Student: 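Here it is, the structure, as structure tokens.
Just so it is clear, the model here is predicted, and its values are computed rather than measured. FYI, the numbering just counts along the sequence from 1.
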Amino acid sequence: MTEVTQFLAQLSGPVFLVVGLALLVNVSAFLKVAADAEKDDLENYLASIMLMVAGLAIVLYHNVWTDAPEVIISLLGWACLIKGIFWILL
């Protein structure tokens, strides 16, 4: 595992863990946030740009496909980039 892979895993892992736990603890709050987000076009547009930038940063800096952790990080980067582009275009 490269240093970049380890850094990105250490950066994203805790975020995924906390968001997942918060979702389990307070589902109704997340449903309300999701419902409110659907109504706000500017918020969706800005979130799409941030998602695309995050995905592009990962793809440009870590497009490695050799072992499982590196593939997972690279796939997350590509998924963010494609989803961000898709949301911006829609």
Side-chain angles (χ1 to χ4, degrees):
M1 183 177 345
T2 65
E3 281 185 37
V4 175
T5 303
Q6 189 170 3
F7 170 74
L8 290 172
Q10 290 173 337
L11 181 68
S12 60
V15 173
F16 292 146
L17 180 66
V18 170
V19 170
L21 288 174
L23 180 60
L24 287 173
V25 171
N26 199 354
V27 176
S28 61
F30 276 90
L31 292 175
K32 183 181 180 314
V33 168
D36 291 344
E38 288 179 355
K39 300 173 189 171
D40 192 352
D41 291 336
L42 178 60
E43 183 178 307
N44 287 333
Y45 184 68
L46 293 175
S48 301
I49 291 172
M50 291 188 315
L51 188 62
M52 183 182 161
V53 168
L56 187 58
I58 293 171
V59 166
L60 290 176
Y61 196 64
H62 188 278
N63 197 21
V64 183
W65 302 90
T66 53
D67 60 359
E70 292 169 339
V71 169
I72 291 169
I73 298 292
S74 295
L75 282 174
L76 285 171
W78 277 104
C80 288
L81 177 62
I82 292 167
K83 191 171 185 179
I85 290 170
F86 183 72
W87 282 0
I88 290 170
L89 293 175
L90 290 180

Student: Nearest 0.5 Å, please: how far is SG in Cys80 from CG in Leu51?
Tutor: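 These two atoms lie 4.5 Å from each other.
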Student: Locate the shortest heavy-atom distance separating Pro14 from Ala9; write the atom from each residue and the value.
Tutor: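 Heavy atoms of Pro14 and Ala9 come nearest at CD-O, 4.1 Å.
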Student: Running the 4.5 Å side-chain criterion over Ile, Leu, Val, Met, Phe, Trp and Tyr, what cluster does Leu75 land in, apart from itself?
Tutor: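 Its cluster mates, by chain and number, are Tyr45, Ile49, Met52, Val53, Leu56, Val59, Leu60, Trp65, Val71, Trp78, Leu81, Ile82, Ile85, Ile88, Leu89.
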Student: Report yes if some heavy atom in the side chain of Ser28 is under 4.5 Å from a heavy atom in the side chain of Asn26; otherwise report no.
Tutor: yes
Student: Which other residues end up in the same hydrophobic cluster as Ile73, if Ile, Leu, Val, Met, Phe, Trp and Tyr are linked when side-chain heavy atoms come under 4.5 Å apart?
Tutor: Val4, Phe7, Leu8, Leu11, Ile58, Tyr61
Student: Pairs in or reaching into residues 72-90: which pass salt bridge (Lys or Arg N to Asp or Glu O under 4.0 Å), with residues at least two apart or in two chains?
Tutor: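 Qualifying pairs: none.
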Student: Once you round to the nearest 0.5 Å, how far does CG of Asn44 lie from NZ of Lys39?
Tutor: 12.0 Å
Student: Which pair of non-hydrogen atoms, one from Trp87 and one from Ser48, has the smallest distance, and what is that distance?
Tutor: CB-OG, 3.1 Å
Student: Could you tell me which non-hydrogen atom of His62 sits nearest to which non-hydrogen atom of Ser74, and how far apart they are?
Tutor: O-OG, 3.1 Å
Student: Check whether any side-chain heavy atom of Glu43 lies under 4.5 Å from a side-chain heavy atom of Asp36, and answer yes or no.
Tutor: no
Student: Once rounded to the nearest 0.5 Å, what's the spacing between atom OG1 of Thr5 and atom CD of Gln10?
Tutor: 11.0 Å
